S.K.: 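Sharing a structure below in structure tokens format, with a few things to ask.
Below, read A as the first sequence line, B as the second, and so on, with proteins coming before strands; counting in each chain starts at 1. These figures come from a predicted structure and were not determined experimentally.
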Protein chains: 2
Amino acid sequence: MEQLYKQLQLENQLCFSIYATSREITKVYKPLLDKLGVTYPQYLALLVLWEHETLSVKKMGELLYLDSGTLTPMLKRMQDQELVIRQRSHEDERVVFISLTEKGKNLRDKACHIPEEVFSMTNKSQGELEKLKETLQELLQSLHTYNQK
Amino acid sequence: MEQLYKQLQLENQLCFSIYATSREITKVYKPLLDKLGVTYPQYLALLVLWEHETLSVKKMGELLYLDSGTLTPMLKRMQDQELVIRQRSHEDERVVFISLTEKGKNLRDKACHIPEEVFSMTNKSQGELEKLKETLQELLQSLHTYNQK
DNA sequence: CCCTATTTAATTGTGTATAATTAAATAAAA
DNA sequence: TTTTATTTAATTATACACAATTAAATAGGG
């Protein structure tokens with residue numbers, strides 16, 4: 001039983017180190033994203049829109065692992081800020097396409113230097129972070145596949 | 001500029017792989033924690049209480065990297081479920097101590113097997129996950145120190 | 001063609017997160 | 001001792017997250 005209790009110690013929880021690190025990263029981004037007027041999840045939406053130009057809500061949800069309960073209100077807030085346009089498909093009225101406004105497109109240049117600024121806070125080498133990212137992407141795939149079943 | 005745009009691709013974002021993995025892990029825990037009647041953040045609170053018996057809200061916040069705006073309402077919900085007791089310190093009326101009820105203590109035995117069940121979903125070796133945890137703990141420390149300044 | 005199943009967003013309700021403010025209590029300085 | 005600064009929770013307001021449900025539209029089978 002002692003051995004089992006030991007596995008419940010906070011210090012031994014990989015899940016907690018991921019959970020806490022994720023929130024600390026969001027805090028590092030905060031002052032940088034405040035300059036752009038967006039939150040961290042909104043920044044992720046911009047990343048995929050800068051890459052894809054136009055996306056359905058469903059496709060964005062697949063890329064970001066978020067569902068419509070999260071995306072719909074968030075994208076409406078981004079529409080209010082005139083960062084994105086939401087329009088229903090004519091071919092299939094169930095589908096809503098999201099695209100960038102000029103204002104949304106222009107934020108890309110202001111965001112360019114964010115990755116290196118965040119990198120400088122980590123005290124880690126590029127290689128170490130690259131390795132970490134790859135391990136997490138594999139883990140993410142395993143867990144996501146399991147959660148889909 | 002192309003090089004800078006490339007760094008904004010979702011696939012190149014370590015931050016996103018941490019963020020998405022964290023949420024997928026929470027989903028893996030969901031059915032296991034439903035049996036105990038708690039959420040994932042509530043489970044983290046139980047982990048530290050099982051280790052420390054009694055804690056102030058401040059101390060719990062330091063351990064979990066959460067502030068009173070998150071903990072106060074969460075601990076009130078846990079009190080409503082009769083998992084914890086909240087009582088103000090007599091020495092310093094600003095301090096609120098949190099301790100476990102019998103019901104809260106007893107959940108420990110039901111939680112014992114959760115870590116190994118989650119482990120089995122990862123498709124990774126113990127060693128690989130241990131290494132991942134250590135890297136993340138170092139990163140967490142760097143980011144937290146930076147966020148405190 | 002009609003019925004059923006599926007797909008897709010939106011909505012609703014609950015539970016975190018966090019910044020900013022408030023309020024109470026303690027400690028420290030003048 | 002009186003004032004000032006600090007500490008600690010609680011409160012408030014905003015923004016995610018996600019499960020579950022709803023509603024509309026499309027697709028597929030008979």
Side-chain angles (χ1 to χ4, degrees), chain A residues 16 19-31 33-34 37-45 55-62 64-81 83-84 86-98 143-144 147-148, chain B residues 16 19-31 33-34 37-45 55-62 64-81 83-84 86-98 143-144 147-148:
Chain A
F16 172 68
Y19 174 77
T21 304
S22 178
R23 288 183 293 106
E24 292 296 320
I25 289 178
T26 302
K27 284 182 198 167
V28 169
Y29 272 93
K30 179 82 166 56
L33 294 179
D34 280 349
V38 298
T39 64
Y40 180 71
Q42 290 172 10
Y43 171 70
L44 295 179
L55 284 168
S56 66
V57 173
K58 178 179 171 60
K59 183 66 183 169
M60 184 181 288
E62 286 171 2
L64 300 180
Y65 300 86
L66 290 169
D67 77 354
S68 67
T70 301
L71 291 178
T72 296
M74 187 183 84
L75 292 168
K76 283 181 177 173
R77 282 186 288 272
M78 293 177 78
Q79 186 176 46
D80 293 344
Q81 294 176 243
L83 295 173
V84 303
R86 299 164 64 249
Q87 44 196 351
R88 271 186 196 281
S89 165
H90 295 306
E91 293 82 51
D92 186 338
E93 291 283 344
R94 294 167 302 181
V95 175
V96 172
F97 285 120
I98 309 297
L143 297 176
H144 185 247
N147 284 328
Q148 290 303 96
Chain B
F16 171 68
Y19 174 76
T21 304
S22 179
R23 288 183 293 105
E24 291 297 320
I25 290 179
T26 302
K27 284 181 198 167
V28 169
Y29 272 93
K30 179 85 166 53
L33 294 179
D34 280 350
V38 298
T39 64
Y40 179 70
Q42 289 171 7
Y43 172 69
L44 295 179
L55 284 168
S56 66
V57 173
K58 179 179 169 59
K59 183 66 183 170
M60 185 181 288
E62 285 171 1
L64 299 180
Y65 300 85
L66 290 169
D67 77 7
S68 67
T70 301
L71 290 178
T72 296
M74 188 184 85
L75 292 168
K76 282 181 177 174
R77 282 187 287 271
M78 293 177 78
Q79 185 176 48
D80 293 343
Q81 295 177 243
L83 295 173
V84 303
R86 298 164 66 251
Q87 46 196 350
R88 270 186 197 281
S89 165
H90 296 305
E91 292 82 50
D92 186 338
E93 292 283 343
R94 295 167 302 182
V95 176
V96 172
F97 285 119
I98 309 298
L143 298 176
H144 185 248
N147 285 329
Q148 290 304 95

S.K.: Quick one: sort the A:His144 and A:Tyr65 rings into parallel, tilted or perpendicular, breaks at 30° and 60°.
M.R.: perpendicular
S.K.: Looking only at the side chain of A:Gln42 (C-beta and beyond, no hydrogens), which of the listed nucleotides C:dA9, D:dC16, D:dA9 gets closest?
M.R.: D:dC16
S.K.: Provide, to the nearest angstrom, the distance between the CG atom belonging to B:Leu33 and the P atom belonging to D:dA19.
M.R.: 13 Å
S.K.: Provide, to the nearest angstrom, the distance between the CG atom belonging to B:Leu75 and the P atom belonging to D:dA9.
M.R.: 11 Å
S.K.: Counting just side-chain N and O atoms, does A:Thr72 come under 4.0 Å of either OP1 or OP2 of C:dA10?
M.R.: yes
S.K.: Could you say whether A:Asp92 or A:Pro73 is positioned toward the 5' end of DNA chain D, judged by the nucleotide with the nearest heavy atom to each?
M.R.: A:Pro73
S.K.: Take the protein atom CD of A:Glu93 and the nucleotide atom C1' of D:dA25, then report the distance between them rounded to whole Å.
M.R.: 8 Å
S.K.: Expressed as a whole number of angstroms, how long is the span from B:Arg77:CZ to C:dG13:P?
M.R.: 17 Å
S.K.: Would you indicate whether B:Lys59, at its atom NZ, is surrounded by more than 12 heavy atoms from other residues, nucleotides or ligands within a distance under 6.0 Å?
M.R.: no
S.K.: Quick one: on DNA chain C, does B:Glu91 or A:Gly69 contact a more 5' nucleotide (nearest heavy atom)?
M.R.: A:Gly69
S.K.: Does the side chain of B:Arg94 get closer than 4.0 angstrom to OP1 or OP2 of C:dT22 through an N or O atom?
M.R.: no
S.K.: Any idea which heavy atoms bring A:Val95 and A:Ser56 closest together, and the distance?
M.R.: CG1-CB, 3.8 Å
S.K.: Base, sugar-phosphate, or nothing: which does B:Thr26 touch, judged by heavy atoms less than 4.0 Å apart?
M.R.: nothing
S.K.: Do the side-chain N or O atoms of B:Arg23 get closer than 4.0 angstrom to the phosphate oxygens (OP1, OP2) of D:dC18?
M.R.: yes
S.K.: Would you say B:Arg86 reaches D:dA10's phosphate, i.e. side-chain N/O to OP1/OP2 under 4.0 Å?
M.R.: yes
S.K.: Given atom CD of A:Gln87 and atom P of C:dT8, what is their separation to the nearest angstrom?
M.R.: 18 Å
S.K.: Would you indicate, yes or no, if D:dT11 has its OP1 or OP2 atom less than 4.0 angstrom from a side-chain nitrogen or oxygen of B:Ser68?
M.R.: no
S.K.: For B:Asp67, report the nucleic acid contact type (base, sugar-phosphate, nothing); a contact means any heavy atom under 4.0 Å.
M.R.: base
S.K.: Which is true for A:Thr39 with a 4.0 Å heavy-atom rule: it touches a base, it touches only sugar-phosphate, or it touches nothing?
M.R.: sugar-phosphate
S.K.: Rounded to whole angstroms, how far apart are CG on B:Leu66 and P on D:dC16?
M.R.: 19 Å
S.K.: D:dC16 P sits how many Å from B:Lys27 NZ, rounded?
M.R.: 17 Å
S.K.: Verify the contact: side-chain N or O of A:Lys76 to OP1 or OP2 of C:dT11, cut-off strictly under 4.0 Å; return yes or no.
M.R.: yes
S.K.: Run the salt-bridge test on A:Asp80 and A:Lys76 with the 4.0 Å N-O cut-off and return the result as yes or no.
M.R.: no
S.K.: So, do B:Asn147 and A:Val28 sit near enough that their side-chain heavy atoms are less than 4.5 Å apart?
M.R.: yes
S.K.: Using atom NZ of B:Lys30 as one end and atom P of D:dC18 as the other, report the distance to the nearest whole Å.
M.R.: 11 Å
